[in-house]
Amino acid sequence: MPAPIRLRELIRTIRTARTQAEEREMIQKECAAIRSSFREEDNTYRCRNVAKLLYMHMLGYPAHFGQLECLKLIASQKFTDKRIGYLGAMLLLDERQDVHLLMTNCIKNDLNHSTQYVQGLALCTLGCMGSSEMCRDLAGEVEKLLKTSNSYLRKKVTLCAVHVIRKVPELMEMFLPATKNLLSEKNHGVLHTSVVLLTEMCERSPDMLSHFRKLVPQLVRILKNLIMSGYSPEHDVSGISDPFLQVRILRLLRILGRSDDDSSEAMNDILAQVATNTETSKNVGNAILYETVLTIMDIKSESGLRVLAINILGRFLLNNDKNIRYVALTSLLKTVQTDHNAVQRHRSTIVDCLKDLDVSIKRRAMELSFALVNGNNIRGMMKELLYFLDSCDPEFKADCASGVFLAAEKYAPSKRWHIDTIMRVLTTAGSYVRDDSVPNLIQLITNSVEMHAYTVQRLYKALLDDISQQPLVQVSSWCIGEYGDLLVSGQCEEEEPIQVTEDEVLDVLEGLLVSNLSTPVTRGYALTAIMKLSTRFSSVNRIKKVVSIYGSSIDVELQQRAVEYNALFKKYDHMRPALLERMPIMEKTATNGPTEIVQTNGETEPSVLDTKHPPPVTQPANQVRANDLLDLLGGNDVVPVIQTTLPTKPASAGGELLDLLGDLSLTGIPPMTAYNKNGLKIEFTFERANPNPNIAVITIHASNSTEADMTDFVFQAAVPKVSRHSLELILKCLIMKHSRVNSLFNQNCATVF
Amino acid sequence: MQFMLLFSRQGKLRLQKWYVPLSDKEKKKITRELVQTVLARKPKMCSFLEWRDLKIVYKRYASLYFCCAIEDQDNELITLEIIHRYVELLDKYFGSVCELDIIFNFEKAYFILDEFLLGGEAQETSKKNVLKAIEQADLLQESEDEYLSVKIFK
């Protein structure tokens, strides 16, 4: 059997292959040779063969048949064999396979080898890929070796211990004794790895953390020496002494000072010193500054230091090096909540970063910009953000659009501005807007009562231009369905009203129904809108025709709607006006955000008694009708004050029609006297709750016109079972003291609710 | 550090060091995806990118990309310095290193890396000490080989 070819020769040969197939052939041939060589238990060339196998493995070819051979190499006495054997183990062996456990004994032996380089190999392997079982078995050896005075080994063992702790955290206690005097080392390698070990322990255990807090003065001293010491050729990097160690110490200080005032104070000076003295012309200096800033922001530092840190980040933002800018934006994002004002000062620089070419920087700048938006800068910021939305990559558009909506909702200076902003987003990034934005926007538009005409006009014009962006189309259809009458009658005050006929509007909506660009959901919106217009437009016949056509649509959803609407025309025409009424102001549900949609900066709430609303469903002229209405609300012969809360229904796709209680014009109900006998008069008055217009408040005025007190006044309410509404009913027993029970009573009831 | 990859402009892997346990299949998948992502980056872009839940730090030296995956709390800028230090070590060892050196002596590249980093952390911050250790280990290997008079690698 000729000697197997050498590694370098194999590499050379394989590289001459001109096609993948040729390469594969060569590899297969060599693998076969290697396999037979392994079978022959050839000790001499095993090392060479495994090395070749490792090369082929890197090219992507399977090499698992070499695993056991690696173990044999590790067990060999030759250093060469061990070197390749351990390398092979690290590359080919997998801690999921039991095979790797066979290594444990070899490693154990090698940990105690007479040659430090062999020990080093074993430590390296254990520290890189030791499984939890291996770590458990060998933790004792590691702990023993920690006591060595050999710095070459010490640093390796220390990192090995770190790995053991990561794999088997319970063993951490074992290494505690060895950490005594850990920092009194002079050797930088040992010092560095020791700091890593301390960091790992402190991060994992609060007890360790408090135990090691006493090391803060020592760490500060070491750091100081590093900064103040002169040129040390061995550890110098661009004029800075051992930046790796400096960064590691800063990180440990961060963990130690985190929730501890004393430690934070002890490190205050050194942090200020590092922050001001570090050379910033090269990346290495900035790396240290970066770590310093992170530490300052995380510990309990005094405000002067924090401002210093933010200013460093501000300077980073102006750095030519984009890596530095990126890092600055990331850090500012972390601190924007706690140090908002300080970060605001750098707002213009941050906004400039929106124009950066780098995707990561743009994303960070966008997130930060949204975090910085407030009532004062909303107009300016929104201009920049909308410009960004126009020109950014598609991957940003959805997030940016959502961010714009949120910011606009919180800080819109006026309703008109708000609507305009929404329009801008819908028309420029309409297809990227999230699905849940559509109901939110509809809610917003509904509640901006005086902007209805303006909104519907603008949306109509947008539809004429482009019907491909579904969210825009859906919102527009809904609005036209609701406010089509305003559109046709040209009532817009905010801008020049356009001349539009009913037929033109219906043309557009019908166009949506037939267009290939419309999704089924959009078609649903369009059909419902057309239906709603039947109570607002006069061309009812045309609408009837459209609706009946879709009664046989293939789309089940559309078909169902059309059939129901058809039924509405035929059998329930008397209910049609009521059902297709204007939507009331909707209450925002908790999930949609913390802010009340009704409140906008600088604008008064839409008037509850809106004259633009069409007349209420019924004009309750008599008590029976009033009771009917109350019945709908779920109250009947209600005596005490009740508040009924309507279920909040953000407009869902197609759900608009189903809210039968669309209109709650209780203002039309006159007060009524429920009881007037023997000096006791009880009156009900009805009004909407302020600020929540969806709650009906029924107040009882009970007056005692006699001279005597009335006692043992008991209230009882008989309430029919109502499924739809939640009723809050509170009964109270009162003893009346004065005849003027009116105010007292109302007051009490008011406080109850 | 979770792993380090070295690959060429054509996407050929030259070195892979994994500090987290993953199956061969997973490693291949990650490598493939990451190589694709990094190679798609334009030259003006910054050296950092977010990938899955990791931070990727990469730098190109001549025809080789050095790519590290670090965790959230790790310092990206110092990782660039770590990459640079490794390149310096290779350069010193091979004497003006180029991609071919790493192709033909990949096992040496691993040995050097293993003297500089252990378990994903730097074990030695002095260039001199790392090179000295490698030199000594090489000597040990050579003297052993000579003794046995079987030249394995030459």
Side-chain angles (χ1 to χ4, degrees), chain A residues 6-8 11 15 44 47-48 51 54-55 58-60 78-80 83-84 87 94-96 115 117 120 123-124 127-129 131 152 155-156 159-160 162-163 188-189 192-193 196 234-235 237 242-245 247 251 283-284 286-287 290-291 322-327 357-361, chain B residues 12-19 21-24 28 41-42 44-50 73-82 84-85 103-107 110-111 114-115 117-130 133 136-137 140-141 144-145 148 150-154:
Chain A
R6 297 178 201 274
L7 170 66
R8 318 258 181 255
I11 297 176
R15 282 172 65 80
T44 329
C47 182
R48 184 186 287 186
L54 292 179
Y55 177 72
M58 186 140 66
L59 292 178
K78 282 159 56 178
F79 182 63
T80 317
R83 246 185 160 182
I84 294 294
L87 179 61
D94 189 341
E95 71 167 45
R96 291 134 198 262
T115 314
Y117 297 106
L123 285 167
C124 181
C128 287
M129 62 160 296
S131 63
Y152 175 77
K155 57 190 195 197
K156 291 184 194 275
L159 286 182
C160 216
V162 171
H163 181 82
H188 280 225
H192 184 273
T193 55
V196 174
E234 199 175 329
H235 299 110
V237 180
D242 206 339
F244 304 108
L245 183 57
V247 165
R251 185 159 151 187
N283 179 64
V284 63
N286 289 323
Y290 176 39
E291 197 74 33
K322 45 195 152 8
N323 292 336
I324 310 284
R325 289 206 299 277
Y326 174 87
V327 147
L357 293 163
D358 186 300
V359 167
S360 312
I361 290 184
Chain B
K12 288 214 129 153
L13 199 60
R14 299 300 178 205
L15 188 144
Q16 49 173 335
K17 188 75 191 178
W18 298 85
Y19 295 110
L22 290 166
S23 71
D24 226 22
K28 280 212 168 91
R41 302 271 288 178
K42 302 194 194 75
K44 290 272 186 227
M45 291 177 146
C46 75
S47 299
F48 315 127
L49 58 104
E50 297 100 25
Q73 64 269 39
D74 292 327
N75 182 329
E76 294 97 318
L77 298 178
I78 207 75
T79 309
L80 279 174
E81 292 300 318
I82 294 214
H84 191 72
R85 174 57 65 89
I103 294 171
F104 279 94
N105 301 285
F106 69 92
E107 84 280 8
Y110 275 109
F111 296 153
D114 286 340
E115 281 299 328
L117 303 177
L118 201 154
E121 309 282 352
Q123 60 181 281
E124 179 58 68
T125 57
S126 152
K127 235 189 308 187
K128 191 177 84 177
N129 287 349
V130 176
Q136 300 282 51
L140 182 59
Q141 183 174 316
E144 205 180 60
D145 290 348
L148 298 164
V150 173
K151 302 266 176 166
I152 304 286
F153 293 123
K154 290 280 160 36

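- Heavy atoms of A:Asn323 lying under 4.5 Å from chain B belong to its backbone as well as its side chain.
- Residue contact with chain B, scored on non-hydrogen atoms closer than 4.5 Å, involves the backbone and the side chain of A:Asn286 alike.
- With a 4.5 angstrom heavy-atom cutoff, A:His192 touches chain B only via side-chain atoms.
- Between B:Asp74 and A:Arg251 there is a salt bridge, since a side-chain N of the basic residue sits under 4.0 Å from a carboxylate O of the acidic one.
- Only the side chain of B:Lys17 comes within less than 4.5 Å of a heavy atom of chain A; its backbone N, CA, C and O stay farther away.
- The parts of B:Arg14 that come within reach of chain A are both its backbone and its side chain, each placing non-hydrogen atoms under 4.5 angstrom from that chain.
- Between the side chains of A:Glu234 and B:Ser126, at least one donor N or O sits under 3.5 Å from an acceptor N or O.
- When heavy atoms are compared at a cutoff of 4.5 Å, A:Leu87 approaches chain B solely by way of its side chain, counted from C-beta outward.
- The salt bridge (charged side-chain N to carboxylate O under 4.0 Å, His left out) with A:Lys156 is formed by just one residue from the set B:Glu124, B:Glu121, B:Glu115; it is B:Glu115.
- If you measure heavy-atom distances from A:Met58 to chain B, the contacts under 4.5 Å come from both the backbone and the side chain.
- Atom-to-atom distance recorded for A:Leu357:CG and B:Cys46:SG is 11.5 Å, nearest 0.5 angstrom.
- Proximity to chain A (any heavy atom under 4.5 Å) is shown, for B:Thr79, by neither the backbone nor the side chain.
- Interface remark: of the candidates B:Leu77, B:Leu49, B:Leu140, B:Leu77 forms the most heavy-atom pairs closer than 4.5 Å to chain A.
- For B:Lys127, the part lying under 4.5 angstrom from a heavy atom of chain A is the backbone only.
- A:Tyr117 and B:Gln136 make their closest contact through OH-CB, 2.8 Å (heavy atoms, listed as atom of the first residue, atom of the second, distance).
- At a 4.5 Å heavy-atom cutoff, the contact between A:Val247 and chain B is made by side-chain atoms alone.
- Contacts of A:Thr115 with chain B are made by side-chain atoms alone, with heavy-atom separations under 4.5 Å and no backbone atom involved.
- At a 4.5 Å heavy-atom cutoff, the contact between B:Asn129 and chain A is made by side-chain atoms alone.
- Contact annotation for B:Phe104: both backbone and side-chain heavy atoms come within less than 4.5 Å of a heavy atom of chain A.
- Between the side chains of A:Tyr326 and B:Glu76, not a single donor N or O lies within less than 3.5 Å of an accepting N or O.
- Looking at A:Val237, the atoms closer than 4.5 Å to chain B (heavy atoms on both sides) all sit in the side chain, from C-beta outward.
- Here the SG atom belonging to A:Cys128 is positioned 5.5 Å from the CG atom belonging to B:Asp114, to the nearest 0.5 angstrom.
- Heavy atoms closer than 4.5 Å to chain B are found in the side chain of A:Tyr152, but not in its backbone.
- Between chain A and the residues B:Asn105, B:Leu13, B:Asn75, the largest count of heavy-atom pairs under 4.5 Å involves B:Asn75.
- Annotation: side chain of A:Lys322 is not in contact with side chain of B:Met45 (no heavy-atom distance under 4.5 Å).
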